[in-house]
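Report on the following structure.
Within every chain, numbering begins at 1; the chains are lettered A, B, ... in the order of the sequence lines, protein sequences first and strands thereafter.
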Amino acid sequence: MSFELIKSVLSLIQNGILIFSVTIFISYLILAAISMQAAIQYKRRNQYTDYSSILSSPYAPSISLIAPAYNEGANIIDNVRSLLSLHYNNYQVLIINDGSKDDTLEKLIKAYDLEKVNFYVYEQIGTKTVRGVYKSRKAVFHNLIVIDKVNGGKADALNVGLNISSSKYIACIDVDCILEQDALLKLVKPFMEESDHKVIATGGVIRIANSCRVEDGTLVEVNLPEKFLPRVQTLEYIRAFLLGRMAWAKLNGLLLISGAFGMFDREIAVKAGGYDHSTVGEDMELVVRMRRYMHEARRKYVVKYIPDPLCWTEAPETYTILGRQRNRWTRGTVETLYLHRKIFFNPRYGIIGMLSYPFWFFFEWLAPIVEFFGIIYFIVLALFGFVSWVSFVSLLIAVYMFAVMFSTFAILIEELTFHQYKKKREMFLLIKTALMEPIIFHPFVVWSAIQGNIDILKGKKSWGEMTRKGLSQN
Amino acid sequence: VITLTKLIILNVIGTAIQDTCQQIIDFCKAQLMVHDILMLWIIISLFFTLSLIFFIVILISRAYKSFIANQEDKLRKKYELLLTSYLFQEEDMLREKVVEHFQNNYFNKSFARKVMMGEVIRLHKDLSGDIKEKLKELYILMGLKEDSVLKLKSSKIYVKARGISELTQMEIKEALPEIKKYTDHKSFYLRNKVQLATVKLSDTDNFSFLDETSYIIPEWQKLYLYEMIQSLDKESLPDFSVWSRSANISVVLFSLRMLKYFNQTEACSYMWTLLTHKSAEVRIEVIRMYADLQYFDEIEMLKYMYPTEKKEVQLEIINTLRVLGNEEVGLYLKSQFTIHNDYDINLALSYACYYLLDNNAFGNEEDLNLPYDLQPYTLHVTDPLI
C-alpha cells in the first residue's frame with residue numbers, strides 16, 4: 001500500500017516535471033518559428049523605407065523623451081547631449097532628476113545654462129514633490145526640460161514626466177542608454193502606420209553595449225563584449241528579443257516593453273493611471289495595465305514591437321550586480337502577475353488572458369522554481385541511490401543540446417537579419433558562449449530567481465544598488 | 001520471548017522497508033526504459049545535427065554576404081565609370097557604344113543587372129536636370145524597364161511593390177494603367193506604392209486613388225504623399241475640397257490638410273458643413289484649417305459649438321480663436337475660465353488671452369485681469385523660457 005502511494009507520488013513528480021519541460025521546449029520552438037516569420041516580414045517591408053520624409057515633415061507627431069536620472073553625475077552631460085542629437089524634428093527631452101545625492105542637477109544647470117521656470121505642473125498622476133522645472137537660456141537647447149524632484153524611484157520620476165509632457169507620444173528611456181540616431185523615427189512609425197487598431201505602445205530591441213566604442217555619448221563601433229558575463233547576456237538578449245518578444249508582438253500578446261526604451265501613447269498611459277511605484281517591475285506592469293484598460297474599454301488596440309536594434313545598454317559585469325538585477329526582475333514579474341491575477345485564464349482578456357499571462361506565470365515565474373526543486377529532488381534521489389545514471393545523463397545531454405540548439409538558432413536569425421557582430425571571431429565567441437551558458441550562466445540565473453521569490457515573501461521592495469561603469473569609458 | 005518478538009518485528013519492518021526501497025529504485029530506474037533512452041539519444045542527435053546545420057548556415061551566410069558585398073563593390077566601381085562616360089558623353093554614337101559595351105560584357109547575369117538597377121535608381125534619386133533624363137534613357141535602352149515590369153507581374157507582393165517603386169522613380173508613365181490595378185489591393189504595402197505612383201505618374205488625375213480606395217490611408221503614408229505632392233506643379237493641383245465629402249474619413253482628413261497646405265482658401269466658405277461631422281478628427285482639422293488660412297467668417301460658429309464640444313475640439317477652438325481673435329473674442333475666452341476647471345483648457349485659455357493681449361486685443365494687463373487663483377497658469381504662459 002505504502003509502496004503504491006510512494007510510487008504514485010514519485011510518478012506524479014517525475015511525469016509532471018517531464019511534461020512541464022517538454023511544454024516549455026515546444027512553446028519556445030513555436031515562438032521561435034513565429035518570430036522568424038515576423039522578423040523576415042519586417043525586414044522585407046522596411047528594406048526600402050525612407051525615413052527622411054518624416055524627418056522634415058511638419059506633420060511628424062510630437063514625442064517627449066522621458067529619462068529619469070539618479071546619481072548620474074559622472075556621465076549625465078554626455079548622455080543628455082546624445083539624447084538631444086537624435087534625428088527627429090518634433091521632440092523634447094525631459095530629464096527627471098530623482099533627488100540625486102550627487103551633482104547631477106548642478107552639472108546639468110552649468111552645462112546647459114539652465115534657469116528655473118514657472119512651469120505649472122498639473123498632477124494628473126500623484127507623484128513626489130517637484131522642486132523645480134528648468135529650461136535652457138540657449139535657444140539651441142530649447143527642447144530640453146530638466147525637472148528636479150524629491151526622490152521617489154524610477155516609476156515616480158516617469159510619472160512626473162507623464163504629467164509634464166504635452167506630446168502625443170512618450171518615449172521612456174534609461175538615461176545611461178545610448179539610442180540609435182533614428183530610434184525615434186523607427187519607433188514612432190508603427191503608431192502612424194496602423195490604421196485598424198490603435199497602437200498603444202511600441203518596443204524595440206535592447207542590445208548590450210559593453211566593449212562597444214562610444215564617443216560623446218554616441219555609439220560608433222559595435223563590438224561583442226570581451227568579458228564572459230556581458231557576452232552571455234548579449235546572447236540572452238538576442239534570444240529574448242529576436243525569438244521571444246517578436247513572436248508575442250505578432251500574436252498581439254506582448255506583456256513587456258523594456259524599461260530601457262519604449263514608446264507609449266501618452267493619453268492611454270495617463271488614463272490607465274501611469275506607472276505604479278509600488279512595484280519594481282513598473283515597465284511590465286504599465287503595459288499590462290494599459291492593455292487591461294483598452295480591453296475593459298472594449299477598444300481595438302495593439303502593442304507593437306520592432307526588431308531593429310535601437311537602444312544600447314550596459315550589462316552588469318559582476319555576479320553581484322547581475323544577481324540583484326535578476327532578483328528584481330523576478331520580483332517585478334511576481335508583483336505584476338499578482339496585481340493582475342484577474343486576467344489569468346480569463347477569456348474576457350483575449351490572448352493576454354488565455355496565452356500571454358499563463359505563459360508568464362508558468363514559464364517565466366514558475367519555471368525556475370520547478371527547475372530548482374527538480375534539482376533538489378534529483379539530489380535526494382541520488383543520495384538514496386534511486387537514480388538511474390544512464391537515464392539522468394541522457395536527459396541532461398538532451399536538455400543541454402536543446403539549449404545550445406536554440407541559442408545557435410538565435411545567432412542564425414541575428415546573422416540573417418541585423419548582422420550586428422561582423423567579425424568572424426565574434427561569431428565563434430558567440431557560439432562558444434552558447435556552449436558554456438547552460439553550465440555556467442543558467443544555474444546562476446535560476447538561483448537569482450529563487451532569491452527573488454524568497455525576497456518577495458520577505459516583503460522586500462527596494463531596487464538594489466546597480467553600480468555601472470558608464471558607457472563613455474568603453 | 002519479548003526480545004525475540006522485537007527482533008522479528010524489526011526484521012519484518014526492515015525487510016519491508018528494504019523491499020519498498022528496492023521497489024522504488026527499480027521503479028525510478030525503470031521510468032526510462034531502454035527504448036525511451038534510445039529515443040532520447042535520437043532526440044539528442046537531432047538537436048546536435050540542427051545545431052551543426054545552423055552553425056554551417058551561419059558560416060555560409062557570412063561567406064556569401066562577404067562575397068556578394070565584394071562582387072557588388074567591384075561591379076559598382078565598373079558601372080560608375082561606364083555611367084559617367086555615358087552621362088557626360090555628348091555624341092549619340094559614343095553613348096550607344098557605351099550601352100553596347102555594357103550589354104556585351106556585364107549584362108547577361110541577373111546579379112549584374114540588379115546592381116546596375118540599384119545604381120541607376122540611386123543616381124536618379126540624387127541627381128536632377130538633364131542627367132535624370134539620360135538615366136531614364138539608359139534605363140530603357142538597357143532593358144531595365146522590362147525587369148521592373150516583370151517584377152510588377154510577379155505573384156509576390158514585395159517584388160511587385162519593388163517593381164512599382166522602380167517604375168515610379170524612373171517616371172515610366174505608360175506603366176501606370178497596370179500599376180493602378182492594385183489601387184484597392186488588400187496589402188497596404190502595395191496600396192501605398194500604387195498611391196505614390198499615381199501621384200507621380202498621372203498627367204491629369206493624380207489623386208484618383210482618393211476616389212477609389214476603400215481603405216484608411218495611414219498617417220505614415222500621408223507623409224510620403226505630402227512629400228511627393230510638393231514636387232508637383234502647383235497650378236495643376238485639383239480642388240481638394242472635392243474629397244472633403246468622402247465617406248472615407250482618412251481621405252477627408254487628407255483633403256483638408258491639402259486645402260490648408262496649398263492655400264485653397266476659397267473652399268473655407270463651404271467647409272462649415274464639416275463642423276458637424278461625426279468624426280472629431282475631421283472637426284478639429286477644419287477648425288485648424290480656419291486658423292492656418294486666417295478665415296474669420298466662422299468665429300461665431302466656433303463660439304456657438306464650443307460649449308458642447310469634446311475637450312480636444314474645444315482646445316482646437318481656443319487655439320483658433322486665439323489666432324483669429326479680436327477684443328470680443330478675448331472677452332469670450334476670458335469668460336470661459338469660470339466654466340472650466342480643466343488644466344489643459346485653462347492653460348490654452350491663458351495662452352490665448354496673453355497672446356491676444358500682446359496683439360492689442362485687450363487694452364493692458366489690468367483689462368485682462370485674470371482671477372488670482374489662475375496665477376499658476378499666468379506665470380506659466382508668461383514665462384519667456386517656456
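Around the OH atom of A:Tyr400, the shell of radius 6.0 Å holds more than 12 heavy atoms that belong to other residues, nucleotides or ligands. Other residues, nucleotides and ligands contribute over 12 non-hydrogen atoms within 6.0 Å of the CD atom of B:Glu72. Atom NZ of B:Lys200 sits in a crowded spot, with more than 12 heavy atoms from other residues, nucleotides or ligands closer than 6.0 Å. The environment of NZ in A:Lys423 is crowded: more than 12 heavy-atom neighbours from other residues, nucleotides or ligands sit within 6.0 Å.
The parts of B:Leu379 that come within reach of chain A are both its backbone and its side chain, each placing non-hydrogen atoms under 4.5 angstrom from that chain. With a threshold of 4.5 angstrom between heavy atoms, B:Tyr215 does not approach chain A through any atom at all. If you measure heavy-atom distances from B:Tyr189 to chain A, the contacts under 4.5 Å come from the side chain alone. Contact annotation for A:Phe25: neither backbone nor side-chain heavy atoms come within less than 4.5 Å of a heavy atom of chain B. Heavy atoms closer than 4.5 Å to chain A are found in the side chain of B:Arg162, but not in its backbone. When heavy atoms are compared at a cutoff of 4.5 Å, A:Ser57 approaches chain B solely by way of its side chain, counted from C-beta outward. Residue A:Gln41 touches chain B through both its backbone and its side chain, counting heavy-atom pairs closer than 4.5 Å. Interface residue A:Ile397: backbone and side-chain heavy atoms are both found under 4.5 Å from chain B. Using a 4.5 Å cut-off between heavy atoms, B:Gln221 does not touch chain A at all.
The residue among A:Lys189, A:Glu194, A:Lys135, A:Glu193 with the most heavy atom pairs within less than 4.5 Å of chain B is A:Lys189. Interface check for chain B: of the options A:His142, A:Lys422, A:Arg137, the most heavy-atom pairs under 4.5 Å are formed by A:Lys422.
The two residues A:Met192 and B:Pro218 make their nearest non-hydrogen contact at O-CB, 3.4 Å.
Remark: A:Arg45 is not positioned above the aromatic ring of B:Tyr158, lacking an NZ or CZ atom under 6.0 angstrom from the ring centre and at most 45 degrees off the axis.
A:Met405 contributes atom CE, which lies 10.5 Å from atom CD1 of B:Ile43 (distance to the nearest 0.5 angstrom). Interatomic distance, CD1 of B:Ile37 versus OG of A:Ser388, reported as 5.0 Å (0.5 Å rounding). One distance of note links OG of A:Ser136 with CG of B:Leu385; it measures 8.0 Å at 0.5 Å rounding. Between A:Asn118 atom CG and B:Ile386 atom CD1 the span is 6.5 Å, to the nearest 0.5 Å. Here CG of B:Leu223 is found 12.5 Å from OH of A:Tyr51. Values are rounded to the nearest 0.5 Å.
Interface with chain B: from residues 406-414 of chain A, residues A:Thr408, A:Phe409, A:Ile411, A:Leu412 qualify, criterion being any non-hydrogen pair under 4.5 Å. For residues 55-66 of chain B, heavy-atom neighbours of chain A at less than 4.5 Å comprise B:Phe55, B:Val57, B:Ile58, B:Leu59, B:Ser61, B:Arg62, B:Lys65, sorted by residue number.
The closest side-chain heavy-atom distance from B:Tyr224 to A:Asp50 is below 4.5 Å.
For an aromatic pair to be called close, the ring centres must be under 6.0 Å apart, and A:Tyr59 with B:Trp220 fails this.
When each of A:Phe119, A:Tyr120, A:Tyr122 is paired with B:Pro376, the side chain to side chain contact (heavy atoms under 4.5 Å, CB included) condition holds for A:Tyr120 and for no other.
For A:Asn90, there are no side chain to side chain donor-acceptor pair (under 3.5 Å) partners, not counting sequence neighbours.
Annotation: salt bridge (charged side-chain N to carboxylate O under 4.0 Å, His left out) contacts involving residues 397-410 of chain A, sequence neighbours excluded, are absent.
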